Amino acid sequence: MKSKWLVVLILIICTFSAVACGLSEDKKEQEQAPEKSTEEDLIVIGFSQLGAESDWRSENTKSMQSTFTEEKGYKLLFEDGQQSQTNQITAIRRFIQQDVDYIVLAPVTEDGWDTVLSEAKEAEIPVIIVDRMVNVADDSLYTCFVGSDFELEARKVTEWLNDYCKSKDIAADELHIVNIQGTMGASAQIGRTNGLRKAASNYGWDIIAEESGEFTQTKGREVTNKLLRQYADINVVYCENDNSAFGAIQAIKQSGKRVGSNIKDGEVMVISFDGVNHEALLDVVSNQISCVAECNPLHGPRVEAIIKTLEQGGMPDKKSYVDEKVYSAQDEVSAIMVNDKKYDITILSEDNVIDYYIENQMKTQTEN
Ligand code: GZL
């Protein structure tokens with residue numbers, strides 16, 4: 001009898017130990033298994049992008065999309081506003097309904113955001129403003145801003161223009177400028193226009209006309225065409241982004257005039273902003289664009305750094321601005337001063353232009 005019970009006891013012990021081993025194996029497997037980011041582990045970001053109007057905007061969108069991937073623990077909800085504030089407001093309301101973790105807004109224009117940002121604040125969803133700024137009565141409606149100082153960009157190129165003219169004995173009253181503006185009411189347009197106006201008032205330049213080229217090549221060409229037909233003495237076309245500059249260059253050539261820096265010899269000078277793609281930098285080398293202020297679009301890594309700070313309970317700077325270069329192929333001006341600060345001019349040539357283009361592309365890769 002005893003031996004039978006002994007056998008039963010041994011069987012019971014074996015069974016329990018087998019089960020215990022199994023459990024520990026499962027536990028070990030779980031511990032070794034890589035963390036699978038399940039849906040609820042992802043940080044959900046609602047990104048309201050203003051549109052797809054320019055090469056700059058495409059690079060900006062690419063930077064955000066390549067930064068906020070599921071592999072890195074994010075779920076990016078991307079909405080293209082197609083240049084419409086109404087669409088962007090609708091997108092933000094959708095993000096609120098979806099209870100995203102963060103809202104990132106690249107606002108098409110500065111005004112009109114108070115109500116919808118109050119709704120986001122009410123829902124306790126942090127809002128990060130990227131690229132252009134919002135003009136709100138209460139700046140607690142957004143957590144922070146990261147982007148460019150557009151008026152500084154304008155001060156840089158206008159200081160370059162002033163120093164270049166001095167080096168060529170071109171008198172201030174010999175300059176007859178048209179401003180091909182960006183999207184009216186956008187921070188980039190406001191800052192770049194203000195910077196030109198202040199320099200013109202300061203140095204005695206003649207701004208013949210200002211009209212929006214909407215940051216696009218088509219509209220830039222159309223507006224420049226019209227102004228060239230209206231005003232025979234235009235010798236500087238100040239374009240508030242590269243795509244409108246590409247259009248202006250086409251219009252100047254179609255008018256039978258020559259594009260270039262040699263104003264004294266009758267060339268029409270083109271000045272621009274962005275310097276984002278190879279075409280723009282090659283236009284600088286070939287003297288189609290005399291000077292371009294870089295406007296860096298690679299905000300993905302910058303926004304990610306802000307979100308990481310917030311995730312760790314930190315508070316990012318309320319406003320952070322990107323350091324940006326000035327490019328020219330004219331070596332008469334090697335540096336400029338703005339507000340007592342010196343900015344070197346990056347002199348581009350066929351030998352080095354690829355380095356700067358690659359550098360920008362590398363920034364895209366390395367910063368992500
Ligand atoms: C600048 C950005 C502007 C670019 C344009 O940060 O808002 O909008 O200069 C773009 O190319 O369309």
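From a predicted model like this one, the values you see are computed outputs, not experimental measurements. Numbering starts at 1 and runs along the sequence shown. Just follow the structure's listing: the first ligand is 1, and inside any ligand the first atom is 1.
Asp99 meets the side chain to side chain contact (heavy atoms under 4.5 Å, CB included) test with Ile125; sequence neighbours excluded.
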Checking salt bridge (charged side-chain N to carboxylate O under 4.0 Å, His left out) for the pair Glu210/Arg197: CA distance, chi angles, key distance, verdict?
CA-CA 10 Å; Glu210 298 180 317; Arg197 287 176 180 167; 2.7 Å; yes
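The shortest N or O to N or O distance between Ser148 and ligand 1 is not under 3.5 Å. Taking distance alone, with nitrogen or oxygen atoms compared against 3.5 Å, Glu53 approaches ligand 1 more closely than that limit.
Of the protein's non-hydrogen atoms, Asp274 OD2, 2.6 Å is the one closest to atom 11 (O) of ligand 1. With respect to atom 6 (O) of ligand 1, the closest heavy atom belonging to the protein is Asp131 OD1, 2.3 Å. At the shortest separation from atom 3 (C) of ligand 1 among protein heavy atoms lies Arg132 NH2, 3.8 Å.
Classification of Glu311 and Lys308 as a salt-bridged pair fails, no side-chain N sitting under 4.0 Å from a carboxylate O.
Interface of Phe150 with ligand 1, defined as ligand atoms under 4.0 Å from a residue heavy atom, comprises 1 (C), 6 (O). The Ser54 neighbourhood of ligand 1 comprises atoms 5 (C), 10 (C), 11 (O), 12 (O), with distances under 4.0 Å to a heavy atom of that residue. The contact set between ligand 1 and Cys295, taken as ligand atoms under 4.0 Å from a residue heavy atom, comprises 1 (C), 6 (O).
Residue pairs that meet the salt bridge (Lys or Arg N to Asp or Glu O under 4.0 Å) test with at least one member in residues 128-153, sequence neighbours left out, are Glu53-Arg132, Arg57-Asp131, Lys121-Asp138, Glu151-Lys198, Glu153-Arg192.
Counting heavy atoms closer than 4.0 Å to ligand 1, residue His299 contributes nothing at all.
By the 6.0 Å and 45° rule, Lys318 stacks over the aromatic ring of Tyr142.
Listed for the Ser167 side chain is a donor-acceptor partner under 3.5 Å among the backbone atoms of Tyr164.
Taking the six-membered ring for Trp and thresholds of 30 and 60 degrees, Tyr203 and Trp205 have ring planes inclined between 30 and 60 degrees apart.
Contact annotation: Gln83 has no heavy atom less than 4.0 Å from any atom of ligand 1.
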